Amino acid sequence: MGSLIAQIVSVTLMNLGSLRRRLWMSLAMVLASAVVVAILLAFLAMAKGFEETMRGAGSSQIAILMREGSSTELNSVILQDQVNLIGESAGVARDANGPLVSPELYVIVDGIKKSSGTEANIPLRGLNKTGMDMRTNMQLVEGRMFTPGTNEMVVGAGVLREFNGFEIGKEVRFGKNLWKVVGVFSTGGNIFESELWADIKTIQSHYNRGNSYQSIRTKLQNDSDIKPLQDSIEREPRLNLEVQTEQEYFASQGKQLQYIATFGWIISAVMALGALAGALNTMYTSVADRAKEIATLRALGFSNFSAFCGTIAEAMVLAVTGGLLGSLAAFVFFDGLNTSTLGGSFTQVVFSFEMSPDLFLQGAILALAIGFVSGFFPAWRAARMPVIVAFRHAA
Amino acid sequence: MSEDVLFQLKNVSKNFVKGKEKISIFDDLNMTIDRGDFVAIMGPSGSGKTTLLNMLGGVDQPSGGEVWFDGTRIDSLSEGALTRWRAENIGFIFQFYNLMPMLNAQRNVELPLMLTKLSKAQRRKNVETALALVGLSDRAKHMSSEMSGGQQQRVAIARAIVSDPKLILCDEPTGDLDRATADEILEMLQLLNRDHGKTIVMVTHDPAAAKYAKRTLHLDKGQFVQREIVA
């Protein structure tokens with residue numbers, strides 16, 4: 001066994017030592033593997049970043065209520081008397097001022113993206129003070145909070161980063177109304193940073209919403225225990241509402257972009273097939289180039305298994321080197337890259353590409369697969385190389 | 001089989017099938033090689049000398065007959081068993097040296113020892129001894145591209161003897177060398193045979209080379225046509 005390992009190590013080192021004879025073909029294989037892995041990681045980092053942005057927004061202590069059948073806030077409608085009934089329901093937390101219930105409005109306005117100069121939807125959320133207080137991770141990073149009853153708004157840090165014209169002091173026109181930016185807030189990078197916030201009564205007035213809302217957020221009396229509130233809603237026929245924790249809501253929204261990861265794997269698999277064709281050619285050339293060396297080693301008594309393993313190892317070293325370079329490139333060019341895309345409510349969600357160890361692991365697995373498959377058949381040929389080749393009279 | 005006999009071919013035949021035609025290389029060939037012998041095998045191109053050498057080295061299998069080595073029949077061994085047998089018993093010297101170009105002389109000579117259980121220190125010691133025997137101690141760290149043809153063949157000889165095999169097979173060992181260098185190599189083989197008791201079988205076209213052997217076998221059309229003892 002020790003001898004076999006020594007043989008495999010010797011053959012592998014010799015194969016790697018002869019790489020300079022096939023420098024350009026070997027570099028092409030490294031490059032192909034690097035490109036495939038970098039592209040896969042870019043897609044995965046995008047999906048991961050979006051999912052993290054959505055997941056980070058959800059609290060298990062907050063329940064979100066929307067009209068039955070509404071999958072997003074945009075297509076939900078809730079009336080004032082329903083808000084009042086929720087305030088009286090079981091399972092809702094209270095403080096000295098009464099139940100912690102935040103009726104919210106969610107309208108779409110236009111912004112100009114810095115990256116493309118094109119118009120894109122941004123959510124303008126109407127909030128009251130309770131709604132502000134519920135978002136415990138919200139921090140004003142610049143300016144001040146809007147004054148209720150005025151056309152003032154605060155902008156999420158993501159909106160400021162990705163869209164033109166939302167700097168503090170700027171006036172922005174939405175339809176007939178002119179709004180003034182008075183502050184910038186951060187919520188730790190989650191989806192709320194992709195929103196504009198203003199006074200709910202002002203928005204109701206400007207957008208002719210009367211006394212209607214689109215969602216209700218309420219703090220649960222017992223952390224994560226949504227059951228009393230669910231039971232209470234089921235018993236009250238006037239409350240045709242669906243309730244879930246905020247965490248569940250955003251988790252389901254985050255899953256919407258899971259197709260990015262799937263798409264990334266499909267694209268990478270197709271590209272990997274192309275890379276494999278090149279890699280197979282490289283490895284067959286390698287075996288042909290080393291034919292006399294392989295046969296000589298076999299004549300000296302090296303096993304055909306060591307010839308097989310040495311060739312597989314060479315392919316895997318080249319592919320994994322490419323994978324590492326691809327991972328490095330993906331990290332340098334994509335990690336933390338800010339972008340925005342259309343979320344579940346037809347509005348732009350600002351998020352950052354996020355590289356993580358599990359993504360690098362997936363990239364490494366892909367590189368290893370490219371190396372193994374591209375090395376297997378040439379390695380089989382190397383293992384079956386006739387020893388007689390060593391005696392052929394060619395230099 | 002006498003204890004002095006190292007190799008014996010009994011009624012060996014070798015055929016190739018090319019299309020519908022059966023081509024016979026040997027038919028009913030018999031041969032005995034004693035321990036300590038130095039045999040030159042000569043013959044015109046196509047006479048079957050390289051095929052015979054391949055058969056002696058376990059690289060090729062006969063179509064019929066028996067091949068015995070040191071009391072063991074080897075023509076029926078599996079490919080894996082033959083590989084192990086070669087590692088333990090045979091040292092090869094090729095016409096074009098067949099050194100690994102990415103390894104220095106020392107590492108080339110060490111290759112057969114990678115198949116043994118010797119420690120690294122023991123391997124190094126054996127390599128030093130083999131290189132000293134061929135007069136290349138000062139070239140141990142040199143790559144093959146930094147050495148002349150004669151020096152490369154001497155490295156190949158060191159590689160062939162380093163694991164102390166029972167038989168050394170040489171395939172036109174001086175075919176790529178000038179006369180003076182060829183004589184140096186042949187003297188070295190003669191010294192290995194005479195002073196170290198190595199059994200050597202050498203295939204050659206060169207009558208001058210054959211004179212260094214103890215005896216020469218002439219192969220023509222698959223048969224030994226005459227036997228001549230060279231003192």
Side-chain angles (χ1 to χ4, degrees), chain A residues 1-23 26 286-311 313-314 317-318 380-395, chain B residues 45 49-51 53-55 57-61 79-104 107-120 123 143 149 152 156 159-160 162-163 165 169-172 175-176 203 205:
Chain A
M1 189 66 187
S3 163
L4 183 61
I5 291 170
Q7 286 181 50
I8 292 169
V9 171
S10 297
V11 173
T12 303
L13 292 176
M14 279 186 268
N15 291 357
L16 297 178
S18 69
L19 278 179
R20 73 180 69 173
R21 299 202 309 247
R22 307 177 295 280
L23 183 65
S26 303
S286 165
V287 172
D289 180 55
R290 293 183 290 108
K292 195 158 187 171
E293 291 160 22
I294 294 168
T296 301
L297 289 172
R298 298 272 291 111
L300 295 181
F302 279 66
S303 68
N304 50 9
F305 186 65
S306 67
F308 179 87
C309 292
T311 305
E314 177 189 342
V317 165
L318 291 175
W380 187 257
R381 179 177 287 183
R384 296 174 64 81
M385 181 75 67
V387 183
I388 211 162
V389 170
F391 295 85
R392 285 190 186 145
H393 292 178
Chain B
S45 294
K49 29 183 215 305
T50 299
T51 306
L53 189 83
N54 290 343
M55 225 175 274
V59 172
D60 205 352
Q61 296 279 51
E79 193 183 328
L82 268 177
T83 302
R84 286 190 292 278
W85 171 82
R86 275 199 305 273
E88 287 165 14
N89 296 292
I90 307 293
F92 280 106
I93 298 170
F94 303 92
Q95 179 179 358
F96 295 101
Y97 333 125
N98 290 30
L99 299 180
M100 301 294 140
M102 72 295 288
L103 302 181
N104 62 25
R107 297 291 311 281
N108 263 293
V109 175
E110 192 184 11
L111 281 174
L113 301 180
M114 301 305 290
L115 309 170
T116 67
K117 290 178 179 167
L118 293 179
S119 68
K120 194 172 180 178
R123 290 203 305 264
M143 307 300 283
Q152 288 185 58
R159 182 178 66 186
V162 72
S163 57
L169 296 175
C170 313
D171 182 27
E172 303 275 9
D176 198 41
V203 162
H205 273 102

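Every chain is numbered from 1, with letters handed out A, B, ... down the list of sequences. The shown structure was predicted, so the numbers you read here are calculated from the model rather than taken from an experiment.
- Only the side chain of B:L103 comes within less than 4.5 Å of a heavy atom in chain A; its backbone stays farther off.
- Between A:G301 and B:A87, the shortest heavy-atom contact is CA-CB, 3.8 Å.
- Atom CD1 of residue A:I388 and atom CG of residue B:N54 lie 4.5 Å apart, to the nearest 0.5 angstrom.
- Shortest non-hydrogen contact noted between B:R86 and A:A299 is NE-O, 3.2 Å.
- Here the CG atom belonging to A:N15 is positioned 10.0 Å from the CE atom belonging to B:M100, to the nearest 0.5 angstrom.
- With a 4.5 Å cut-off on non-hydrogen atoms, A:F305 does not touch chain B at all.
- A:R21 touches chain B through its side chain: at least one heavy atom from C-beta onward sits under 4.5 Å away, while N, CA, C and O do not.
- B:L53 touches chain A through its side chain: at least one heavy atom from C-beta onward sits under 4.5 Å away, while N, CA, C and O do not.
- Proximity to chain A is absent for every atom of B:R107, based on heavy atoms less than 4.5 angstrom apart.
- Of the charged side-chain nitrogens involved, none lies within less than 4.0 Å of a carboxylate oxygen, so that A:R384 and B:E79 do not count as a salt-bridged pair.
- Annotation: side chain of B:E110 is not in contact with side chain of A:S10 (no heavy-atom distance under 4.5 Å).
- Within a 6.0 Å sphere centred on CH2 of B:W85, heavy atoms belonging to other residues, nucleotides or ligands number more than 12.
- Atoms CG and OG1, on A:L300 and B:T83 in that order, are 11.0 Å from each other to the nearest 0.5 Å.
- With rounding to the nearest 0.5 angstrom, the CE atom of A:M14 is 4.5 Å from the CG atom of B:L111.
- By number of non-hydrogen pairs under 4.5 angstrom with chain B, the leading residue of A:L297, A:L16, A:L13 is A:L297.
- The heavy-atom pair separating B:M114 from A:A6 by the smallest distance is O-CB, 3.9 Å.
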